[in-house]
Amino acid sequence: MKFVSSIILGAAVAATALPAAASHNRGSVLIPTIDGNGNLTVETTSFWRTTFPDRVSRITIEAPDGTSVTRTTLNQSTDTADTRWYRTDDDYTGSLSGLFGASATAGVYTISWDSCCRVGGLPSGANEDMGTTSTILWDGQNAVDPITFDIQNIQPNVVRGAPYSDNLDVTSADGNALSYNDAYTPVGITTQATGFAIDGSGQISIAGADTATYADNPSAQNIGADIAFYGAIVASDGGTEVANVQFDWVFDGVDQGSNQVPDVADVVINAMVGDAINTLITATDPNGDPIALSQLSFNGPGGSIAGSMFLDNGDDTGTFTWDSTGFAVGTYIATILGNDGGLTDQGTVTINLTAGGGTGPTPVPLPAGMVLMLSGLAGLGFARKFRK
């Protein structure tokens with residue numbers, strides 16, 4: 001498989017969804033999967049003003065023949081927040097045959113939502129309707145799990161005058177080739193964030209001369225929502241696009257010397273089925289603030305995974321443990337939240353699990369100057385994030 005050009009669906013598709021009873025939205029993403037029985041699951045993440053939290057309350061699903069249904073029975077999941085935004089996570093699962101009957105055939109399914117209104121004060125589109133769209137190609141028989149993505153792995157904090165760099169941290173349980181771009185304009189945004197660039201590996205970069213222009217939102221109630229950014233993630237198999245996920249969110253421009261976000265380091269572990277994982281997670285804070293660590297989620301092939309444990313050691317480190325005995329080969333990702341009492345960052349523990357005899361995880365080569373201490377059997381991982 002290789003990287004291919006993206007086929008981007010216009011934001012007009014998203015506009016076909018019914019509006020949610022919401023306002024002051026700061027961004028969203030919809031992640032679809034389909035299991036072997038033809039059940040569609042859509043995981044939604046959305047961000048809101050802290051004084052006006054809401055959630056994705058309805059989605060529209062379109063079958064390959066153009067038949068569409070709207071569903072409002074989403075299951076509420078976890079809610080998290082810091083001083084700048086309120087995040088809500090919801091999901092919907094429904095049988096394609098139950099939703100569409102004879103129209104539940106192989107082909108591309110389109111999932112969309114929109115809402116009024118986007119958070120005010122943005123230079124690239126304030127107080128406008130907003131929406132995102134995702135697509136997934138189903139062969140009519142087999143499970144499809146093309147894209148795993150947590151939008152909060154993108155660090156929204158941008159220091160004015162300093163270069164910005166971060167990665168989308170996208171994986172594909174199906175092993176699809178992934179590509180990225182910002183070729184579409186979502187509902188309610190007229191321009192991309194100044195200087196925003198994304199490459200074929202999902203790496204976002206912004207020059208310091210551009211971050212210097214990110215002025216504070218003039219609305220006091222919309223702190224942390226200074227300029228919107230957006231993009232699309234494309235999964236392809238053998239040159240055929242199998243999924244397309246659109247996302248948008250906002251950057252928070254801050255001055256040098258002000259309170260900075262903590263940084264939770266990422267860890268990558270190569271292990272074999274049967275290995276016991278025991279990994280030390282480290283976090284740092286530019287201002288020296290103590291960081292509280294907690295585990296938000298642990299997902300693998302097929303969705304949420306039980307059996308892991310996480311302990312906040314109380315010294316800006318935490319310990320993640322998991323016994324992989326009996327689990328399927330694939331990629332597993334634990335998301336760790338760091339909070340300095342007001343601002344947050346997410347780190348990930350990515351476990352690449354292969355078939356084997358349980359002889360202990362294989363160390364991942366360390367980039368120069370990036371050393372993480374891992375305990376027990378976990379060996380060594382590497383820190384991926386570089387932000388400022």
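All values reported here derive from a predicted model rather than from experimental measurement.
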Enquirer: Hey, does the side chain of Ser324 reach the backbone of Gly274 with a donor-acceptor pair shorter than 3.5 angstrom?
Expert: yes

Enquirer: Looking just at side-chain N and O atoms, do Asn217 and Ser219 make a donor-acceptor pair shorter than 3.5 Å?
Expert: no

Enquirer: How close do Ala106 and Gly140 get, heavy atom to heavy atom, and via which atoms?
Expert: CB-N, 3.8 Å

Enquirer: Is a donor from one side chain sitting under 3.5 angstrom from an acceptor on the other, for Ser165 and Gln203?
Expert: yes

Enquirer: Would you name the heavy atoms of Trp138 and Asp35 that are closest together and state the gap between them?
Expert: NE1-O, 4.4 Å

Enquirer: One pair to check against side chain to side chain contact (heavy atoms under 4.5 Å, CB included): Asp90 and Thr88. What are the steps and the verdict?
Expert: CA-CA 7 Å; Asp90 305 275; Thr88 59; 4.0 Å; yes

Enquirer: Compute whether any side-chain donor of one residue and acceptor of the other, for Gln260 and Ser258, lie under 3.5 angstrom apart.
Expert: yes

Enquirer: Does a salt bridge link Arg55 with Asp79, judged by any charged N lying under 4.0 Å from a carboxylate O?
Expert: yes

Enquirer: Compare every heavy atom of Trp113 with every heavy atom of Arg58, then report the nearest pair and how far apart it is.
Expert: O-CB, 3.6 Å

Enquirer: Which pair of heavy atoms, one from Ile151 and one from Phe149, lies closest together, and at what distance?
Expert: CA-CZ, 3.5 Å

Enquirer: Flag the pair Asp210 and Arg160 as a salt bridge only when some basic side-chain nitrogen lies within less than 4.0 angstrom of an acidic carboxylate oxygen.
Expert: no

Enquirer: Classify the ring geometry between Tyr332 and Trp322 as parallel (under 30°), tilted (30 to 60°) or perpendicular (over 60°).
Expert: tilted

Enquirer: Taking CD1 in Ile223 as the centre, count heavy atoms belonging to other residues, nucleotides or ligands within less than 6.0 Å. Is the count above 12?
Expert: no

Enquirer: Please determine, by modelled atom types, if Ser308 and Gln295 share a side-chain donor-acceptor pair under 3.5 angstrom.
Expert: yes

Enquirer: Identify the two heavy atoms, one from Pro64 and one from Ser103, that lie closest to each other, and give their separation to 0.1 Å.
Expert: CD-O, 4.1 Å

Enquirer: Going by heavy atoms in the side chains, are Thr354 and Asn270 under 4.5 Å from each other?
Expert: no

Enquirer: Closest heavy-atom contact between Ala104 and Leu96?
Expert: CB-O, 3.3 Å

Enquirer: Any side-chain heavy atom of Leu343 within less than 4.5 Å of one from Asn259?
Expert: yes

Enquirer: For the residue pair Phe52 and His24, categorise the inter-ring angle as parallel (less than 30°), tilted (30 to 60°) or perpendicular (more than 60°).
Expert: tilted

Enquirer: Is Arg49 salt-bridged to Asp54, going by a charged N under 4.0 Å from an acidic O?
Expert: no

Enquirer: Parallel, tilted or perpendicular for Phe229 and Phe196, by the 30°/60° rule?
Expert: parallel

